[in-house]
Amino acid sequence: MPMIGKPIDRTDGRLKVTGAARYAAEFRLPGVVHGVLVQSTIAAGSIAGFDLSEAEAMPGVLTIITPDNAGKLQHPEHVQQTVPGPLLQNKDILFNGQHIAVVIAGTLEQAEAAAAAVRVRYFNAEAATSMDALLSQAYPPKHFRNGARPPDSSRGDPDGTFNSGAVKLDLTYITPIEHHNAMEPHATLAAWNGDKLTVWTATQGISGAQATLAGQFGIDKSDVRIICPYLGGGFGSKGNTWPPATLAALAARTVKRPVKLVLSRAQMYTSNGYRPRTVQKIKLSSDIDGRLISVRHDGFSSMSQPALGEFSEPVALATEMLYACPDLAVTHRLVALNAPLPTYMRAPGEASGVFALESAMDEMAAALKMDPIKFRLQNYAETDPHENKPFASKALRACYEQGAQAFGWDKRSAEPRSMRDGNTLIGWGFATSTYPTNRQPAAVRVRMDRAGNVTVQSGTQDIGTGTYTVMTQVASDALGIPVQRIRFELGDSSLPPAPVSGGSQTVASVGPSVQAACAALIEKIKDMALSGGGWRGQSREALQIRDGLVVGADRRVPIGALVEKSGHPFIEVEVQTKPGEEKQRFSMHAFGAQFAEVRIDQDLGEIRVSRFVGAFDAGRVLNAKTASSQLIGGITYGIGMALLEETLVDGETGRVVNANVAEYLMPVNADIPDIQTIIVPNDDTTSNPLGAKGIGELPMVGVAAAIANAVYHATGVRVRKVPIRIEDILV
C-alpha cells in the first residue's frame with residue numbers, strides 16, 4: 001500500500017508526549033556550568049564602564065565576560081549576525097536590550113543572581129525610535145533578497161496611467177512589530193574539545209549554524225558539530241545563528257567547561273529577530289469594468305542600525321505576480337532605528353504585504369460595486385506578469401471555487417452592515433493567498449542492514465512540522481518497505497547537508513533526495529542480486545523490490561540475506577539532488593483562497609472570528625494529518641496577526657514593554673473557530689520530483705486581509721492596520 005498521503009501518526013510523537021524527546025536545553029554534560037546574559041538598559045550610546053565587584057564576589061561565579069575581556073571573534077561577511085555590539089567586541093550600544101556581558105556560574109540560579117548585580121555606567125545618546133518620524137530618511141536596501149534581485153521593479157508607466165482610471169485609490173496600510181514566541185526558548189549548550197566545538201542548539205538551520213560558528217571562531221567547518229534533534233517551534237526566529245549561540249561557545253572557550261545558555265522569555269524579544277513594522281502605500285487604478293490599469297506598491301520596513309546587518313521585509317513581491325496589470329511598480333525601503341535586527345517570521349514579506357494588497361483589492365471591489373471574487377477573476381494572471389513566464393502549476397481558480405462553495409459565499413449580502421444576528425453584526429471577507437515554491441540542494445544517505453532495516457539520514461531539521469514522519473513515508477514508498485522498518489535520522493551536522501528549514505522548502509528539497517537515494521539503493525541491491533546468480537536470463541528491469549524482498553520470476557530473496565552474503569554489516573548510498581533549470585523556465589508559487597466570518601457585538605465592538613475556510617493549491621500532500629495540522633496552524637497564526645499580536649516599544653527608551661506571554665497577546669483555543677481546510681489536487685512535479693509545494697507559510701498569507709475585509713463588511717468601517725482593536729470600529 002502506498003504510504004505517501006496517508007494520515008499516519010508522527011513517528012516521533014510518542015517520544016514527544018512522553019518527554020523522551022530531548023531539546024537543546026535538556027542535554028547534559030559532565031561539568032556543565034551556566035551562562036546568563038546581561039542586557040543594556042539604554043537604546044543608544046556606549047558603555048562608560050562596569051562595576052563587577054559585587055557580582056564577582058557572589059557564590060559560584062566563575063567569570064564575567066564583557067567587552068573589556070572578551071576573546072576576539074572573526075566577522076565573515078556572509079553572516080549577518082556577526083556584529084560588533086551584541087558579540088561583546090566593542091562598547092557601542094545600538095538598541096535597548098543589547099547583550100553587554102555574560103555571567104558564568106556553577107548553577108543557573110547563581111548566574112541569574114550575579115547578572116542582576118552587574119552595574120553599568122553609560123554615555124547616553126539620542127535614540128531613533130519612531131519609524132513614522134523618519135520615513136523621509138528611508139533608504140533602499142543594499143542586499144535585498146541576499147542580492148538575488150533589486151529592491152525595486154516596474155513595468156509600463158504606472159504613474160502616468162494612474163489618473164486615466166475610472167476608479168482610483170491611494171491608500172496606506174500598517175503592520176506592527178511581531179515576535180515569534182516559540183514554545184521552546186532559544187537555548188545553546190557549547191563544549192570544546194581542544195579546537196573542536198560541539199554545540200547543541202535550537203536551530204532551523206544546522207548547516208548554517210555550523211558555517212557561522214566556524215567562521216566566527218576561525219576554525220574549519222569540519223571541526224564544528226551542531227546537534228538539534230528536536231525543535232519546539234521556530235517560525236523563522238531560529239533560522240539564523242544569533243549572538244547568544246556564539247556567546248555560549250565563547251563562554252565555554254573562556255572557562256574551558258561546557259556552558260549552557262538559555263534565554264529568558266523577555267530576552268527573546270531582543271535577541272533573535274522579529275517581524276519588522278511596515279508602512280505600505282498602495283495606489284490602484286481600474287477601468288469601469290474592473291480591470292486594473294495601474295498598480296503601485298511602496299513598502300517601508302523598520303530596521304536596526306546598519307552596523308548590525310540588514311534585513312528587508314519583501315512586502316511587495318506578491319504584488320508583482322499575483323494579478324494581471326500592464327503598468328505596475330514596487331519599491332522597498334528601510335528605516336533605521338535603534339532596535340535589534342529584524343528577521344524572517346512565518347511567511348516573511350507575503351504575510352505583511354498581502355494584508356495590504358488584498359485589503360486594497362477589497363476596497364477597489366467595493367468602490368466598483370463588484371463581488372470581491374469576481375474582481376480577482378477579472379484580473380486573474382494566467383502567466384506570471386512580472387517574470388513573463390508560465391506558472392509551473394496554478395490551481396487558484398479551483399481554490400476560489402471550492403472555497404466559496406464550502407463557505408457558502410453565494411449567500412453573502414454585498415452591502416456592509418446588512419448581515420446580522422440580533423445585536424451581532426456578521427461580516428464575510430475573502431482574500432487570496434500565495435507563497436513561492438522554493439527548493440535548494442540537499443543530500444541524503446540511505447543504509448540497509450543485514451536484518452533488512454533501513455536508516456535514512458540527512459542533516460535537516462524537524463521544526464515541529466513532521467519531517468521525521470513524511471520522509472519516512474517517502475522512503476517507504478520508494479523502497480517498498482513498511483514504515484516500521486525505516487528510521488529517519490536528522491538534526492546533526494555530521495549527516496549529509498541540507499538547507500535551512502525556512503521558506504517552506506524542506507519537503508521540496510530533502511524529499512527528492514530521499515527518493516533519489518532510495519532509487520540508487522535499489523539499483524545497488526539489484527547489482528548484488530544479479531552478481532550473486534540465481535536470476536539467470538532475467539533482466540534488471542524484471543527484478544522488483546517489494547516488502548523487503550528482491551522478487552524475480554521464479555524466486556524471492558530477502559534483501560537482508562544479500563547484505564549478509566556481502567560480508568558487510570550494511571550497504572549504503574549517498575545522493576545529493578538540486579534544482580535544475582525549472583526556475584529559469586517557470587514561475588513557481590503555491591496559491592490559496594481564504595474565507596472568514598466575523599461576528600461583532602454592535603454595542604461593545606468585540607470581534608470574534610466565528611468560521612474560517614481555506615482552500616489551497618499546495619501540491620502533493622505527503623501526510624494528510626500533518627498537512628491539516630500545518631494549514632490549521634497557519635490560519636491560527638493569521639488570526640493572531642489580524643486581531644491580537646503587536647510588540648509595543650516605548651518611544652522614550654526604545655524598550656519593549658510587553659516582552660512576555662501575558663501582555664503580548666496570542667490566540668488561544670477560545671479565539672479559534674471551526675476551521676475547514678481544503679487541498680485542491682495539483683501535484684507540481686515541474687517544481688520538484690516529489691510534486692509538493694510546501695505548506696508552512698502559505699496558509700497564513702491572506703488571513704489577516706480576509707478578516708479585515710470581513711470586519712469592513714460587518715461594520716462599514718475600513719481598518720487599514722493590524723491588529724484590529726475594538727476602538728478602531730466603535731464609531
Notebook entry, point to check: Can you list the steps and then say if Met448 with Glu572 is a side chain to side chain contact (heavy atoms under 4.5 Å, CB included)?
Noted result: CA-CA 6 Å; Met448 179 177 286; Glu572 73 175 23; over 6 Å; no

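- The OG1 atom of Thr437 sits 8.0 Å away from atom CG of Asn688, with the distance rounded to the nearest 0.5 Å.
- Ile678 is listed as a side-chain neighbour of Val613, based on a closest heavy-atom distance under 4.5 Å.
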| query | Could you walk me through whether Arg439 and Gln505 pass the side chain to side chain contact (heavy atoms under 4.5 Å, CB included) check? | reply | CA-CA 5 Å; Arg439 184 187 178 197; Gln505 66 185 353; 5.8 Å; no

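- Within 6.0 Å of CG in Asp683 there are more than 12 heavy atoms belonging to other residues, nucleotides or ligands.
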task = Walk me through it: do Gln74 and Gln216 pass the test side chain to side chain donor-acceptor pair (under 3.5 Å)?
result = CA-CA 5 Å; Gln74 299 186 25; Gln216 289 172 329; over 6 Å; no

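- With a 4.5 Å cut-off on side-chain heavy atoms, Ile559 and Val550 count as touching.
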Which is it for Leu698 and Phe616 under the side chain to side chain contact (heavy atoms under 4.5 Å, CB included) test, yes or no, and what are the steps along the way?
CA-CA 8 Å; Leu698 177 67; Phe616 303 101; 3.9 Å; yes

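- Below 30°, between 30° and 60°, or above 60°: for Tyr468 and Tyr230 the angle between ring planes is between 30° and 60°, a tilted geometry.
- Between Lys238 and Leu231 the shortest side-chain heavy-atom distance falls below 4.5 Å.
- Side-chain contact between Pro244 and Leu247 is absent, with no heavy atoms from C-beta onward closer than 4.5 Å.
- Residues Val456 and Ile486 form a side-chain contact, since some pair of their non-hydrogen atoms from C-beta on lies under 4.5 Å apart.
- Remark: Glu387 pairs with Lys389 by the side chain to side chain donor-acceptor pair (under 3.5 Å) rule, at least two apart or across chains.
- Using modelled atom types, one side-chain atom of Thr203 and one backbone atom of Gly205 make a donor-acceptor pair closer than 3.5 Å.
- Other residues, nucleotides and ligands place more than 12 heavy atoms under 6.0 Å from the CZ atom of Arg540.
- Remark: the backbone N or O of Asp684 is not paired with any side-chain donor or acceptor of Ser687 at under 3.5 angstrom.
- Judged purely by distance below 3.5 Å, without hydrogens or angles, the side chains of Asp492 and Ser494 pair a donor atom with an acceptor atom.
- For Phe591 and Tyr435, the gap between ring centers reaches or exceeds 6.0 Å.
- Electrostatic pairing of Lys394 and Asp617 does not count as a salt bridge here, judged by no charged N lying under 4.0 Å from a carboxylate O.
- No more than 12 heavy atoms of other residues, nucleotides or ligands lie within 6.0 Å of CZ in Arg487, so this atom counts as exposed by the packing criterion.
- Within a 6.0 Å radius of CD in Gln405, no more than 12 heavy atoms belonging to other residues, nucleotides or ligands are found.
- At a cut-off of 3.5 Å, with distance as the only test, a side-chain donor of Ser513 or Thr577 sits close to an acceptor on the other residue.
- Counting heavy atoms from C-beta outward, Thr465 and Gln630 have side chains that approach closer than 4.5 Å.
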In sequence, state the C-alpha distance, the side-chain angles, and the governing distance for Leu29 and Lys260, and then conclude on side chain to side chain contact (heavy atoms under 4.5 Å, CB included).
CA-CA 10 Å; Leu29 293 178; Lys260 182 181 292 187; over 6 Å; no

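- When atom types are taken as modelled, the side chain of Asp12 and the backbone of Lys16 share no donor-acceptor pair closer than 3.5 angstrom.
- In this structure, Arg149 places its CZ atom where more than 12 heavy-atom neighbours from other residues, nucleotides or ligands lie under 6.0 Å away.
- In this structure, the side chain of Ser458 engages the main chain of Ala443 through a donor-acceptor pair within 3.5 Å.
- Using modelled atom types, no side-chain atom of Asn146 and backbone atom of Ala148 make a donor-acceptor pair closer than 3.5 Å.
- Using a 4.5 Å heavy-atom threshold, the side chains of His186 and Met268 count as touching.
- By the 6.0 Å and 45° rule, Arg253 does not stack over the aromatic ring of Phe217.
- A distance-only check finds a donor-acceptor pair linking the side chain of Asn623 to the backbone of Ile8 [under 3.5 Å].
- A donor-acceptor pair under 3.5 Å is absent between the side-chain atoms of Lys693 and the main chain of Asn682, judged by distance alone.
- Looking at Glu26, its side chain never comes within 3.5 Å of a backbone N or O of Ala24 through a donor-acceptor pair.
- Interatomic distance, Ile672 CD1 to Thr636 OG1, rounded to the nearest 0.5 Å: 4.0 Å.
- Judged by distance alone, the side chain of Arg447 and the main-chain N or O of Ile571 form no donor-acceptor pair under 3.5 Å.
- Looking at Gln461, its side chain does come within 3.5 Å of a backbone N or O of Ile206 through a donor-acceptor pair.
- For the residue pair Ser509/Gln440, the side-chain donor-acceptor check at 3.5 Å is not satisfied.
- Between Phe235 and Tyr344, the distance separating the two ring centers is not shorter than 6.0 angstrom.
- In this structure, Pro229 and Tyr23 have side chains that are not in contact, with every pair of non-hydrogen atoms separated by 4.5 Å or more.
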